[in-house]
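Note that this is a predicted model, so its numbers are computed, not measured.
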Amino acid sequence: LKLQFLYFIEEEKETMGLKSSKEEEKKEEEEVKPANPVALRPNLVRGMTDLLTAGDLSFLHLRLPVIPRAPVWSCLYLSKRDGKSFTKLVHSIRKVPKTLILIRDDGGHVFGMYAGDEWQDPSDRKEGFQRDAARKKRENRMGRSYETNKSDADTNFYGTGDCALLGIKPDQKVYRPTRMNNNYMYLQTSWPEPDMNGIAMGGLPSLFGIHLDCTLTTGSFKGAGGKCMTFNNPCLAHSPDFLIEEVEVWVLSNEEIDAKEDTGARVMDQKEVKADKKIMELAGKQFYSEHNDDH
């Protein structure tokens, strides 16, 4: 009887142990399984990408610093469809958050810039102009004339660090800010020196992590010591100075977003970019935005 009782106790313990282990396994499975499973790839609307494979889309969708994940990518600009126009590109991203700019260079490398913050034209950044005005006033008070120079372009960097540089081909990698400096986003359309105009991320004026010129013809990487301090990225193009073959712009969101009307870009081309055009012509470069808008 005693033996039977002991056997019964051991059997009950074993049964309870099996039950608890199964309950623990079930609990672990529930914890691992997300409440709302994330789609492997985003849904592309208003355009198709020529620069990303299905694998690239999955990689970016899961690795970009977008919280929550954006299931819909709406196309804002395709150079293949809309022509190589810096004016159109700027018009498409101006005051738009969560944008992804993709570039393919003449060596076949594909890379990009993600900005969680809005891209802003210099005219949008009142704070920078206020700093310039205060500096000018101070210099005049001290009897010195105020002249702009390349160091003044530091005021054109902005952003909160909600951004990243991206290597896609040949290697997939996301480069997040190192917090070594705050030189995240740069957009300039009317700087007196042509090489300072364009769109960029990271680095320093003239030493950008990625820089596209204001004709969308050439780009550059000029990181000191082979790396960009802002993102710790190497040169993502096939060489530090490269030709731009193709550009795509996407906005990441939870629903489809309409592209802006092109009429605004044409107004900008006629009124705001005249100074740039003259400068580029003096530098011996063709101003592609006007050339392509006619086709």
By salt bridge (charged side-chain N to carboxylate O under 4.0 Å, His left out), Lys173 pairs with (sequence neighbours left out) none
Quiz item: Under 3.5 Å, side chain of Thr230 to main-chain N/O of Met180, donor-acceptor pair present?
Solution: no
Counting C-beta onward and ignoring hydrogens, is there a side-chain heavy-atom pair between Leu100 and Val249 closer than 4.5 Å? no
### Task
Show the numbers, then the answer: is there a side-chain contact (heavy atoms from CB on, under 4.5 Å) between Met185 and Phe157?
CA-CA 5 Å; Met185 300 164 67; Phe157 277 108; over 6 Å; no
All heavy atoms of Tyr184 vs all of Gly159, minimum pair found to be CD1-O, 3.4 Å
Between Ala70 and Pro42, the two heavy atoms sitting closest are O-CB, 4.1 Å
Taking the side chain as C-beta and beyond, is there a heavy-atom pair between Pro240 and Ser220 under 4.5 Å? no
d(Asp121 CG, Gln188 CD) to nearest 0.5 Å is 7.5 Å
By ring-ring contact (aromatic ring centres under 6.0 Å, His included), Tyr77 pairs with (sequence neighbours left out) none
Rounding to 0.5 Å, atoms CG (Leu51) and NZ (Lys80) come to a distance of 8.5 Å
Ser85 side chain reached by Leu216 side chain, heavy atoms, under 4.5 Å:
no
dist Ile244:CD1 -> Asp213:CG (nearest 0.5 Å) comes out at 5.5 Å
When rounded to the nearest 0.5 Å, the distance separating CE of Met229 from CZ of Arg179 is 15.5 Å
Phe242 meets the ring-ring contact (aromatic ring centres under 6.0 Å, His included) criterion, sequence neighbours left out, with Phe111
Correct closest heavy-atom pair for Gly116 and Pro97 would be O-CB, 3.4 Å
Here the side chain to side chain donor-acceptor pair (under 3.5 Å) pairs for residues 161-172, sequence neighbours left out, are Asp56-Gln172
The complete set of ring-ring contact (aromatic ring centres under 6.0 Å, His included) pairs with one or both residues in residues 160-179, sequence neighbours excluded, reads none
- Query: Would Met201 and Asn183 satisfy side-chain contact (heavy atoms from CB on, under 4.5 Å), going step by step from the backbone distance to the final call?
  - Reply: CA-CA 7 Å; Met201 267 194 179; Asn183 298 346; over 6 Å; no
- Query: Under a 4.5 Å side-chain heavy-atom rule over Ile, Leu, Val, Met, Phe, Trp and Tyr, are Phe231 and Ile101 clustered together?
  - Reply: yes
Does the pair Glu248 and Thr49 meet the rule for a side-chain hydrogen bond (donor to acceptor under 3.5 Å, both in side chains), with working shown? CA-CA 8 Å; Glu248 297 181 357; Thr49 179; 2.7 Å; yes
SG (Cys75) and CG (Leu44) are apart, to the nearest 0.5 Å, by 9.0 Å
Check: Given side chains that start at C-beta, do those of Phe221 and Asn233 come closer than 4.5 Å, heavy atoms only?
Finding: yes
Nearest heavy-atom approach of Val45 to Glu256 is CG2-CG, 3.6 Å
Query - Hydrophobic cluster identity match, Val110 and Leu165, side-chain contacts under 4.5 Å - result: no
| Donor-acceptor pair, His238 side chain versus Gly108 backbone, under 3.5 Å? | no
>> Could you check whether any side-chain heavy atom of Val174 comes within less than 4.5 Å of a side-chain heavy atom of Phe59, counting everything from C-beta outward?
In response: yes
For residues 97-116, the salt bridge (Lys or Arg N to Asp or Glu O under 4.0 Å) pairs (sequence neighbours left out) are Arg104-Glu246
Item to check | Any donor-acceptor N/O pair, Ser58 side chain to Leu40 backbone, under 3.5 Å | outcome: yes
Check your understanding: Is the backbone of Asn197 close enough, under 3.5 Å, to the side chain of His211 for a donor and an acceptor to pair up by distance?
Key -> yes
Practice item. Scan side-chain atoms only and decide if Thr160 and Asp117 contain a donor-acceptor pair under the 3.5 Å cut-off. Key: yes
Between Cys228 and Gly203 the two heavy atoms that sit nearest each other are SG-N, 3.4 Å
Output, in order, the C-alpha distance, side-chain angles, deciding distance and verdict of side-chain contact (heavy atoms from CB on, under 4.5 Å) for Leu52 and Leu60.
CA-CA 10 Å; Leu52 302 177; Leu60 292 173; 3.9 Å; yes
- Task: State yes or no: do Leu76 and Leu89 share one hydrophobic cluster built from I, L, V, M, F, W and Y residues joined by side-chain heavy-atom distances below 4.5 Å, directly or via other members?
- Result: yes
Side chain proximity check, Leu102 to Val247, heavy atoms < 4.5 angstrom: no
_Less than 4.5 Å apart, side chain to side chain, heavy atoms only: is that true for Leu166 and Leu64?_
yes
(message) Using modelled atom types and a 3.5 Å cut-off, is there a donor and acceptor pairing between side-chain atoms of Tyr186 and backbone atoms of Met196?
(response) yes
Ser74 vs Trp250, side-chain contact (heavy atoms from CB on, under 4.5 Å): CA-CA, chis, key distance, verdict:
CA-CA 5 Å; Ser74 302; Trp250 299 84; 5.7 Å; no
To the nearest 0.5 Å, atom CG of Leu187 lies from atom SG of Cys214 at 10.5 Å
Does CZ in Arg63 sit with more than 12 non-hydrogen atoms of other residues, nucleotides or ligands closer than 6.0 Å?
-> no
- prompt: With no hydrogens and no angle check, is any side-chain donor or acceptor of Lys95 less than 3.5 Å from a backbone partner on Trp119?
  reply: no
In short, Ala200 meets Met113 closest at the heavy-atom pair C-SD, 4.1 Å
Q) When hydrophobic residues are tied together by side-chain contacts of less than 4.5 Å, even through go-betweens, does Tyr114 share a cluster with Val90? A) no
key: Same apolar cluster (I L V M F W Y, side chains within < 4.5 Å links), Trp73/Val251   = no
